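Below: the structure, in structure tokens.
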Amino acid sequence: MSKGLPKRSEDYSAWYNELVKKADLAENSPVRGSMVIKPYGFSIWEKMQSALDKMFKDTGHTNAYFPLFIPKSYLSKEADHVEGFAKECAIVTHYRLKNSEDGRGVIVDPDAKLEEELIVRPTSETVIWSTYRNWIQSYRDLPLLINQWANVVRWEMRTRLFLRTAEFLWQEGHTAHESKQEAEEETIRMLNVYAEFAENFMALPVLKGIKTENERFAGAVDTYCIEALMQDGKALQAGTSHFLGQNFAKAFDVKFANKEGGMDFVWGTSWGVSTRLIGGLIMAHSDDNGLVLPPKLAPIQVVIVPIIKGSDQLQQIAEKVEPIIKNLREKNITVKFDDRDTHKPGWKFAEYELKGVPVRLAMGPRDLENGTIEIARRDTFEKQVLPIEEAVSKIEELLKDIQENIFTKASQFRNEMTSEASSFEEFEELLETKGGFIKAHWDGTTETEERIKDKTKATIRCILLDEPEENGSCIFSGKPSKRKVVFARAY
RNA sequence: CGGGGUGUAGCGCAGUCCGGUUAGCGCACCUGGUUUGGGACCAGGGGGUCGCAGGUUCGAAUCCUGCCACCCCGACCA
């Protein structure tokens, strides 16, 4: 039993907050809205990074780095873009401090005011497109496929660890293409990369769709997204991929000489996922005992806990498990042998459950006598004792099995929590009693979307890419609708 | 910025209404010992500008005034 972790059924949001802290993932920092990502939490991010980075490289992208600071004037070059981000920017106005007159600290030196204020990037389209202008002259320079791993700042009013913080880590891909079609293909390609990552690595089933005009990225022509469902029935936008059209090319005058000898504006995309994914990972799989991590992203995949009566026994156990450890490491399975004598086995069991380590081995005096080892899995708590020679193959099997099992579990949950509403009454009823994704007809207007949001707090998460056309009438206005869209209350 | 709440040891809290020894409890921490198959036990120990600044009083964590910070609920958002 976990000590002091609230139950999901009683207070989901307290459960989440406590879990993040107790599992050593992150904590609040002295600055409101920004967090310290602790080593265990950062290890998960590193695993995400390395899997995603490989997928980006495999699709032809290379990494670069663009500056944190953006001249204020850049932001205003694309009208929708500035409109979207102006309300949440941190601004650098000065470059020097000095001792205060009363000697009680330092103050901003009024003589050190910047000619032009700098914006701490909320995203990097502007600085990147101003750079691309110099990099692109001819169709031979295209496509330009670049990604950067960076931090960004969006001054949020209300923040939550991982889900919404003022500063967060992410990757942002920015590409330039010679044709509209190519850019659109890229947008979808990266959306698919995200969906594949979510499902294969995070064991998180996602919906792929396109955002309504209202929810679209500021400056994009189309915004595509992957949407996941959390255990409390709320949706989480897990990644976005934008088709930028020629908006930024026009704003920053990025033209290229085409094959016919004329000049064209390039076509752009941008796409990103952030440390928010860690929040989604936690909320999708974990239970009242702590984290449940998919083996592919778990910082420690296997932990070995010795159960001992004296130091000579520890020595014997260490010798027995040594070949297992070696064998696992050769197979790139991360394993930790916890031989600390400062904590009892029961304490360690609870601790590693809290931290979501997928597989736990335990070896004690009985095992030494019998040549066996106990293997326990985190997702189902099943335990079994088997001959020590079978340990490694069993572990490999379990890691695969756990990865699949939690994906299946999450998929079943998502399916059970996806409903359809044919009237507004039914819609409201479903939202109140069940939550989850609700498919319903919508007349396509922002006004209706907004009014539904005001009344119910539910938003249109996306229009599914594979949703078939189907004539119907809007649940709110009764006007004709061509297809159902997906609603949910969201993070 | 509106509504509500909280500031006391690293964390969680009691004490505040009704002022009065050296400010207390649980967890965590340190030392020694016994323990170790699901969060051990015993003994000892360290750790506090009671959010800050004034004021009332013989005496303030406690009463008064002002300020600050943080949390929760709303308006904005990956």
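All heavy atoms count here, side chains included; hydrogens, waters and symmetry mates do not. Nothing here was measured: the structure is a model prediction, and the numbers come from that model. Residue numbers begin at 1 in each chain, while the letters A, B, ... track the order of the sequences.
- For A:R461 and A:W347, each mapped to the nucleotide of RNA chain B holding its nearest heavy atom, the one lying further toward the 5' end belongs to A:W347.
- For A:D288 and B:rG39, the CG to P distance is 19 Å, given to the nearest whole Å.
- No donor-acceptor contact under 3.5 angstrom links the side chains of A:T165 and A:T159, judged on distance only.
- No hydrogens or angles were tested; on distance alone, nothing pairs the side chain of A:K457 with the base of B:rG74 as donor and acceptor under 3.5 Å.
- The shortest distance between the side-chain N/O atoms of A:K87 and the OP1/OP2 oxygens of B:rC76 is not below 4.0 Å.
- Each of A:S13 and A:L163 was matched to the nucleotide of RNA chain B holding its nearest heavy atom; the match closer to the 5' end belongs to A:S13.
- Distance CD (A:E351) to C1' (B:rG39): 9 Å, rounded to an integer number of Å.
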Using the side-chain hydrogen bond (donor to acceptor under 3.5 Å, both in side chains) rule, take A:T93 and A:E117 through it: C-alpha gap first, then chi angles, then the decisive distance, then the call.
CA-CA 5 Å; A:T93 55; A:E117 289 100 340; over 6 Å; no
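- Ring centers of A:F248 and A:H174: at least 6.0 Å apart, outside the cut-off.
- Looking at heavy-atom distances under 4.0 Å, A:L236 makes no contact with the nucleic acid at all.
- The closest side-chain heavy-atom distance from A:T212 to A:T446 is not below 4.5 Å.
- The distance between atom CG of A:L277 and atom C1' of B:rA78, rounded to the nearest whole Å, is 9 Å.
- Proximity of A:K344 to the phosphate of B:rG39: no side-chain N or O atom is located under 4.0 Å from OP1 or OP2.
- If you take CG of A:L314 and P of B:rG37, they are 15 Å apart, rounded to a whole angstrom.
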